[in-house]
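Here's the structure we're looking at; comments come further down.
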Number of protein chains: 2
Amino acid sequence: MDSATSNAQDRNTARHLPVDRVREILIVEDHPLMCDALALTLKISFGLKNVRTARSLSAAQEQIRNQGMPDAVILDVNLPDARGAEGLVMLRRQIPDVPITMISADLDNAMISAAMAAGAQGYVSKSLAREALVASLRRMWEGERVTPDSYVPEDAGEEDAARAELARRFASLTPQQMKILRLICQGKANKEISYELSIAEATVKTHITAIMSKINARRRTQAVLLANSVRLFEPA
Amino acid sequence: MDSATSNAQDRNTARHLPVDRVREILIVEDHPLMCDALALTLKISFGLKNVRTARSLSAAQEQIRNQGMPDAVILDVNLPDARGAEGLVMLRRQIPDVPITMISADLDNAMISAAMAAGAQGYVSKSLAREALVASLRRMWEGERVTPDSYVPEDAGEEDAARAELARRFASLTPQQMKILRLICQGKANKEISYELSIAEATVKTHITAIMSKINARRRTQAVLLANSVRLFEPA
DNA sequence: ACCGTCCTCCTCCCAAAGAACGAGATGGTT
DNA sequence: AACCATCTCGTTCTTTGGGAGGAGGACGGT
């Protein structure tokens with residue numbers, strides 16, 4: 001049903017690396033079965049020894065800090081930690097040059113398009129057959145940007161470039177700022193945010209000012225719009 | 001590809017009416033070709049004489065005021081005037097007992113689910129074959145709630161009931177309040193809204209207070225969230 | 001030891017948002 | 001005529017939001 005097709009050659013992503021230089025990959029996936037299945041498939045098909053795994057975004061980030069950068073990442077779109085493009089954006093902030101493959105159960109066209117604009121190396125379905133999955137990953141690790149062939153690139157480059165730029169701006173947010181933005185997007189007031197994060201409201205305001213300046217918004221409702229336009233946070 | 005399946009019997013919709021009592025229907029569709037094609041199909045297949053048409057939501061509303069209520073409505077999801085559930089909600093406010101069929105090019109599951117929760121009698125694809133279309137409409141006019149069979153009802157009743165309740169609340173908004181809410185959802189400030197509608201900012205505030213009270217929101221960002229949750233306004 | 005980043009908190013200040021009144025004008029219905 | 005819904009505008013007051021600027025502590029890298 002959904003194998004995969006090539007698109008443009010990498011513009012956003014920094015480095016091609018020959019497939020044989022991918023030695024260490026990191027799987028970020030909260031569902032244990034799927035996680036194991038993926039790891040196993042990769043070990044066998046690519047002869048990899050080191051397949052690292054993490055069950056949440058925060059776990060992944062800490063693991064990267066401690067154990068260093070992997071050569072490639074496979075990232076679930078729906079983590080308990082980070083739904084939507086948030087995980088991708090935060091990981092790219094930490095490891096800008098490592099190709100990140102998004103993996104998800106549903107192939108929402110808008111989500112795929114948002115992920116690609118945010119700089120994913122590719123997007124694959126969880127229901128893909130092993131061979132097709134392996135082939136897609138191989139091509140991604142050779143520098144190709146791969147999307148499901150059910151995907152239609154929707155609108156021409158102009159609007160897409162704006163979204164890529166936006167994603168870059170969001171990638172400049174610090175972790176704490178991202179937390180606060182998420183709460184803003186849930187309709188919380190500054191006071192509530194300060195309570196939830198156990199910090200002073202003044203601190204919340206300071207962060208918000210920084211956020212606004214980074215994403216170029218003036219009103220918080222605009223911030224919500226911008227976040228939604230790149231699908232930063234998906235509804236629970 | 002997408003014919004149609006029955007779902008629940010009408011709970012939200014007020015009246016069954018035997019198909020032969022549908023004498024006058026209103027098509028709201030901005031694309032002229034599709035509009036004509038629909039009208040023609042209906043005339044032939046149902047032997048209808050009076051097929052009224054309107055090219056925008058506002059045109060439809062005025063026409064109903066002048067020429068009275070139709071027996072059924074076919075409503076395009078993407079009007080220049082009203083994208084998403086807005087048209088449905090506003091029409092149901094005006095003609096609560098008339099079955100409204102949504103018609104759209106894309107079958108986004110979330111959109112279908114939002115439309116059904118908002119009280120649509122059914123949802124059909126524009127790419128449906130004539131016979132299937134006619135069959136679906138006949139069943140809707142007999143009181144059945146019809147969705148494309150690609151549609152999966154997603155989550156159980158509890159959450160859906162909340163959305164229906166929400167849709168009811170939105171249906172209580174006056175036209176001017178709906179305009180203002182739309183601008184709020186575009187991130188506009190009160191001052192900008194007052195300028196765009198050529199009214200005083202005090203008036204805008206008055207309307208907003210009424211809106212907030214009706215949809216039970218305290219902050220305007222919450223209003224945006226609520227509107228998005230029922231897909232009141234789709235992004236341009 | 002020094003610098004950069006991030007997080008924290010504060011004060012002062014002004015603009016925006018929202019609640020709570022009242023009230024006039026219109027148009028349609030009963 | 002009385003009523004109702006809607007739109008309009010105003011005043012007053014309180015709460016939030018947001019910008020500017022300063023400042024200190026923690027941590028990591030050069």
Side-chain angles (χ1 to χ4, degrees), chain A residues 58 61-62 64-69 90 93-94 96 170-226, chain B residues 58 61-62 64-69 90 93-94 96 170-226:
Chain A
S58 53
Q61 290 181 303
E62 193 182 328
I64 292 175
R65 268 195 301 280
N66 296 335
Q67 303 179 27
M69 293 166 42
M90 288 313 281
R93 172 188 153 85
Q94 202 172 357
F170 279 115
S172 75
L173 296 185
T174 68
Q176 189 74 335
Q177 286 167 2
M178 191 63 85
K179 276 189 199 170
I180 288 176
L181 180 56
R182 191 192 303 124
L183 294 172
I184 288 179
C185 290
Q186 287 166 12
K188 304 283 177 72
N190 291 350
K191 201 174 288 182
E192 296 173 308
I193 297 176
S194 77
Y195 179 76
E196 277 200 41
L197 299 182
S198 303
I199 56 180
E201 190 183 348
T203 308
V204 174
K205 285 189 176 186
T206 303
H207 283 305
I208 291 183
T209 301
I211 295 173
M212 299 294 219
S213 149
K214 282 179 178 177
I215 67 176
N216 200 25
R218 278 153 221 86
R219 281 171 284 290
R220 62 169 50 202
T221 46
Q222 290 182 330
V224 174
L225 287 190
L226 292 175
Chain B
S58 53
Q61 291 182 300
E62 194 182 329
I64 292 175
R65 266 196 303 277
N66 296 334
Q67 303 180 26
M69 293 165 42
M90 288 311 280
R93 171 188 154 85
Q94 201 172 357
F170 278 115
S172 75
L173 296 185
T174 69
Q176 189 74 333
Q177 286 167 0
M178 191 63 84
K179 276 189 198 170
I180 288 176
L181 180 56
R182 193 192 302 124
L183 293 172
I184 288 179
C185 289
Q186 287 167 12
K188 304 282 177 70
N190 291 350
K191 202 173 287 183
E192 295 173 307
I193 296 175
S194 77
Y195 178 76
E196 277 201 43
L197 299 182
S198 302
I199 55 180
E201 190 183 347
T203 309
V204 174
K205 285 189 176 184
T206 303
H207 282 305
I208 292 183
T209 301
I211 295 173
M212 299 296 218
S213 149
K214 282 179 178 176
I215 68 177
N216 200 26
R218 278 154 221 84
R219 281 169 282 291
R220 61 167 52 202
T221 46
Q222 289 181 332
V224 174
L225 288 190
L226 291 175

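A quick note: this is a predicted structure, and the numbers were derived from the prediction, not measured.
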Rounded to whole Å, please give me the gap between [atom1] in [X] and [atom2] in [N].
X         : N      : atom1 : atom2 : value
Ile211(A) : dC7(C) : CD1   : C1'   : 13 Å
Gln94(A)  : dT5(C) : CD    : P     : 17 Å
Leu173(A) : dT5(C) : CG    : P     : 15 Å

*Sort and list the pairs that fulfil side chain to side chain donor-acceptor pair (under 3.5 Å) and have at least one residue in residues 204-215 of chain A, not counting sequence neighbours.*
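Side chain to side chain donor-acceptor pair (under 3.5 Å) check on residues 204-215 of chain A returns Gln177(A)-Lys214(A).
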Residues 183-191 of chain A, side-chain donor-acceptor partners within the protein, below 3.5 Å, at least two apart:
from	atom 1	to	atom 2	distance (Å)
Lys188(A)	NZ	Glu196(A)	OE2	2.5
Asn190(A)	OD1	Arg220(A)	NH2	2.3

*Can you pull out how bent the helix from dA1(C)-dT30(D) to dT30(C)-dA1(D) is, comparing the axes over its first five and last five pairs, to 10°?*
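It works out to 30° between the end axes.
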By side-chain contact (heavy atoms from CB on, under 4.5 Å) - contacts of [X] (at least two apart):
X         : value
Leu225(B) : none
Ser58(A)  : Ser56(A), Asp81(A)
Gln94(B)  : Gln61(B), Ile64(B), Arg65(B), Leu91(B)
Gln222(B) : Ala217(B), Arg218(B), Arg219(B)

*asked:* I'd like to compare against my own output: the B/S/- annotation of nucleotides 8-30 of chain D with a strict under-4.0 Å heavy-atom distance to protein.
replied: BBB-----SBBS-----------
*Listed by chain and number, what are the side-chain hydrogen bond (donor to acceptor under 3.5 Å, both in side chains) partners of Lys179(B), not counting sequence neighbours?*
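By the side-chain hydrogen bond (donor to acceptor under 3.5 Å, both in side chains) rule, Lys179(B) matches no residue at all.
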*Would you please name every residue forming a side-chain hydrogen bond (donor to acceptor under 3.5 Å, both in side chains) with Arg93(A), sequence neighbours left out?*
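Counting only residues at least two positions away or on another chain, Arg93(A) forms no side-chain hydrogen bond (donor to acceptor under 3.5 Å, both in side chains).
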Collect all protein-nucleotide pairs involving nucleotides 25-30 of chain C in which both atoms are nitrogen or oxygen and the distance is under 3.5 Å.
none

_Ile199(A) vs Gln176(A) side-chain heavy atoms within contact, under 4.5 Å_ =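 Yes - at least one pair of side-chain heavy atoms lies under 4.5 Å apart.
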*Quick one: closest heavy-atom pair of Leu181(A) and Phe170(A), and the distance?*
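Result for this residue pair: CD2-CE2, 3.5 Å.
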